[in-house]
Number of protein chains: 2
Amino acid sequence: MVTKQFKGSLKDEADLTRADSLAREIFSDVANKWALLIIEAVGERTLRFTELRNEIEGISHKMLTQNLRMLERNGLVERRVHPTVPPRVEYTLTEPGRALRATVDAMCDWTHRYLGHIETARHRFDS
Amino acid sequence: MVTKQFKGSLKDEADLTRADSLAREIFSDVANKWALLIIEAVGERTLRFTELRNEIEGISHKMLTQNLRMLERNGLVERRVHPTVPPRVEYTLTEPGRALRATVDAMCDWTHRYLGHIETARHRFDS
DNA sequence: CTGTATCCGAATAGATACTG
DNA sequence: CAGTATCTATTCGGATACAG
């Protein structure tokens with residue numbers, strides 16, 4: 001699996017298995033549409049909840065909070081609460097978050113580069 | 001959204017909207033756990049259905065076929081059927097598939113690089 | 001404004017049985 | 001071996017209502 005190349009750096013099989021399942025867990029958290037779109041949307045900026053909601057076409061209130069919570073838990077976004085009324089909450093990418101964003105950028109570029117390719121592949125397949 | 005930077009290259013708003021929704025569609029197809037794990041598992045190799053199933057920890061028969069069909073439809077994997085009995089079906093990444101794999105590799109690297117980071121972030125959050 | 005909770009339908013995913 | 005089909009349980013996701 002994904003962690004094969006790291007075998008050498010670990011003490012024993014138990015550690016490997018643990019690291020492996022943790023890696024898979026993180027991968028599962030992160031490798032989902034909404035999480036990646038949020039990472040991409042925040043980018044270098046500092047955005048409020050509602051701004052984020054407006055940036056990401058089609059995301060629901062629920063999915064946004066749910067995924068923001070998850071990303072915060074994994075330390076990929078920082079959540080800063082201003083104790084005002086009405087409340088003002090701002091989200092920023094952390095260093096790990098920005099590093100992940102680089103790979104998401106690459107994925108978005110890929111999508112656009114192969115848009116035509118994929119569209120024709122689909123037509124061929126659907127007949 | 002994701003395609004903002006491509007505005008200049010398109011003829012009109014209609015094209016933009018269409019390209020945008022197609023991009024989002026492709027992104028949604030691809031930005032999911034099983035699809036990315038399959039891409040990663042195939043890599044530079046040519047693998048049979050069962051080999052793939054064994055490579056990818058925890059994937060079910062159903063999810064594998066379903067996602068392979070989707071990847072084939074989008075032209076990311078090539079499916080070669082040998083008309084023998086029992087049948088032998090082999091999967092390989094196409095050029096677009098290999099290009100995507102590069103970004104998945106980056107994402108796997110990211111996972112491992114920040115494993116510790118994330119683990120401690122989780123502990124902090126969960127208390 | 002941001003967030004939690006709940007209800008409910010839709011989509012996802014596993015298990016199993018069956019076919020060429 | 002590879003794939004389809006079906007049944008079922010779980011999860012996902014949207015809508016809504018409500019609280020700080």
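The shown structure was predicted, so the numbers you read here are calculated from the model rather than taken from an experiment.
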| message | I'd like to check the side chain to side chain contact (heavy atoms under 4.5 Å, CB included) partners of A:V85; sequence neighbours left out, ordered by chain and number. | response |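 A:V85 satisfies side chain to side chain contact (heavy atoms under 4.5 Å, CB included) with no residue once adjacent residues are dropped.
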
| side chain to side chain contact (heavy atoms under 4.5 Å, CB included) partners for A:D105, two or more places apart |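 Checked A:D105 against side chain to side chain contact (heavy atoms under 4.5 Å, CB included); matches are A:E40, A:R101.
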
| request: Provide, to the nearest angstrom, the distance between the CG atom belonging to A:N32 and the P atom belonging to C:dA13. | output: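 Rounded to the whole Å, the gap is 11 Å.
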
| Between C:dC1 (C1') and A:L47 (CG): distance, integer Å |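 The distance from CG of A:L47 to C1' of C:dC1 comes to 15 Å, rounded to the nearest Å.
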
| Set of residues satisfying ring pair (Phe, Tyr, Trp, His ring centres under 6.0 Å) with respect to B:W34, sequence neighbours excluded |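 B:W34: no ring pair (Phe, Tyr, Trp, His ring centres under 6.0 Å) contacts found.
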
| Which residue pairs pass the ring pair (Phe, Tyr, Trp, His ring centres under 6.0 Å) test when at least one of the two sits in residues 75-108 of chain B, sequence neighbours left out? |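 For residues 75-108 of chain B, and leaving out neighbouring residues, there are no ring pair (Phe, Tyr, Trp, His ring centres under 6.0 Å) pairs at all.
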
| In the 5'-to-3' direction, what one-character label does each nucleotide of nucleotides 1-16 of chain D receive under the scheme B = base within less than 4.0 Å of a protein heavy atom, S = sugar-phosphate only, - = no such atom? | BSBB--B-----BBB-

Report all side-chain donor-acceptor pairs from residues 61-68 of chain B shorter than 3.5 Å, counting only partners two or more places apart or in another chain.
from, atom 1, to, atom 2, distance (Å)
B:T65, OG1, B:H61, O, 3.0
B:T65, OG1, B:K62, O, 2.9
B:N67, ND2, B:M63, O, 2.8

